[in-house]
Q: 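After the structure tokens below, expect a handful of questions from me.
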Amino acid sequence: MTTFAAAADASTEILAAIRALQAHDLPTRGGHTLAYVYDSGVPGLDELAAAAYASAMHANALDPTAFPSLPAMEGDLVATAASLLGGGPETVGTVTAGGTESCMLAVAAARDARGDIEHPRMVIASSAHAAFHKAAHYFGVAIDMVDVNPVTLRADAGAMAAAIGPDTVLVVASAPSYAHGVIDPIPEIAAAAATRGVRCHVDACIGGWILGSWRRFGIRPGNREVPPFDLSVPGVTSLSVDLHKYAYTPKGASVLLHANAELRAAQYFVHTNWPGYAMLNTTLQSTRSGGPIAAAWAVAKRLGDKGYRDIAERTADAVTRIRAGIADISGLRVLAEPDATLIALAATDDGPNVFAIADEMAARGYYIQPQFAFRGAPATLHITITAANAGNETELVGALADSAAAAAAQPEPSFPPEVVETVMAADLSTPEQLAAAAGPLGLLGEGGALALPARMAPINALLDALPSVVREQVLRGVLSMLTRPGTDLLAR
Ligand SMILES: *Cc1c(COP(=O)(O)O)cnc(C)c1O
């Protein structure tokens, strides 16, 4: 009896300890965190997802014959995504752990289907998600990056067509792009790829579910039609759509669709030439938790057409209202007219520093994501609008207006020139050197651990000014410092 009671107490304490650690996290619910998280605002949905997740979290999709419930649920999710996104009777797909994995698998399949090409390449717009650079890095596929149209920020279909060469195994387009929220001219890009016999992947990781819902239910924010973007477009051979974004499922679920099974074949990894089990992998993972699959299945089933229609309508209203509200804020402008639910905000010519606005928003309880200047596009603030933003658009727009005004009253964020010189001159390749550079930047807390200041604008402005190679080296070091071992959980 006592042991049982002690164990129960321990669990309560442990959960309280987790909550204490989470006190410094951004809120995942309530629409104040405008990147990273998705909130449907539907009561009871999280509880259902948690129960479904728990019921399957120890099941392993590594062996579909051992846990047939998982391929059954996976098949339903793929069929649902295919029906929303222009799939036909031949369409097949896979549930992956996330958008990056879906994009990486599309690249891997395209490369491996063309074993005859010694040095494979892919054509992507400069607005393509970093996941494709990651795929290029891991899989040895060279990138031909084509600048977007400088005004619309959409991919330049003509320039992409011209970049296709004999070694091109894949052409990539976005619906929409993460950074700027615009949809590429997919019919033109896919047609150019098809003409050359090359695969065309549509990265609809973030936009697929909401755009498909808008189209299915005749929702037209800003009175605009959703442009053709999915598998129904001739020449599109694969498409990725994340469930853990606008399908509002717990993290760890995305779908990669292929137009037919032949196109998918090279995605699989099957190995039997070792003394263990036959390793049959559809994704990069091998052991694959059933948790995200069951949770996604439960959420999709519970929301259904009616639930997703409701959410899609509310989200469209929120985007329209927030877009209209921003137009009245002095010093801010939308970088491109949003085609979906993402807004990139830039400063007007005489407007305040955007990184200072992000700090001011943080002080008002909102997280908005800073984005660095890139190839002619200025630094921006990224806003991902979800259903949870519906009904409180005025507060959000008000906070943005106040933040812009407060930022405008401040001096341009910067460090004294001698600090910048010291940091720039340092060789940042070891943790010690990095720690030495972090001091003058005000990034060291108690005991020499990395501690981020409340105001990040000077740091962001400094990073923004660095060439990306140097910036990446600095951030690599910061990442290493942030993930230092702390308490040994087994010590007692
Ligand atoms: C989010 C996103 C990805 C990557 O998805 P993760 O789930 O974060 O790995 C890829 N492409 C686009 C357009 C995205 O928005």
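Quick caveat: nothing in here was measured; it's all calculated off a predicted structure. All ligand and atom numbering here is 1-based and tracks the order in the structure.
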Q: Work out which heavy atom in R264 is nearest to a heavy atom in G93; give both atom names and the distance.
A: NH1-O, 2.8 Å

Q: In a check of side-chain hydrogen bond (donor to acceptor under 3.5 Å, both in side chains) between T94 and each of Q267, E101, H258, which one passes?
A: Q267

Q: Evaluate whether atom NE2 of H271 has more than 12 neighbouring non-hydrogen atoms of other residues, nucleotides or ligands under 6.0 angstrom away.
A: yes

Q: Taking the ring of Y248 and the ring of W209, is the distance between their centroids below 6.0 Å?
A: no

Q: If we only consider heavy atoms of K245, is any one of them less than 4.0 Å away from an atom in ligand 1?
A: yes

Q: How far is atom 11 (N) of ligand 1 from its nearest protein heavy atom, and which residue and atom is that?
A: D203 OD2, 2.6 Å

Q: Does ligand 1 come near enough to S177 that some N or O of the ligand is less than 3.5 Å from an N or O of the residue?
A: no

Q: Counting only heavy atoms not in E262, do more than 12 sit closer than 6.0 Å to its CD atom?
A: no

Q: Can you name the atoms of ligand 1, numbered from 1 with element, that are less than 4.0 Å from a heavy atom of G99?
A: 4 (C), 5 (O), 6 (P), 7 (O), 9 (O)

Q: Which ligand 1 atoms are under 4.0 Å away from a heavy-atom of C205?
A: 2 (C), 3 (C), 10 (C), 11 (N), 12 (C), 14 (C)

Q: Between R215 and D230, does the salt bridge (Lys or Arg N to Asp or Glu O under 4.0 Å) criterion hold? Intermediate values first, please.
A: CA-CA 11 Å; R215 188 182 48 198; D230 63 12; 2.5 Å; yes

Q: I'd like to know whether ligand 1 has H244 as a neighbour, heavy-atom separation below 4.0 Å.
A: yes

Q: Which of the numbered atoms in ligand 1 are below 4.0 angstrom from a heavy atom of D242?
A: 1 (C), 5 (O), 7 (O)

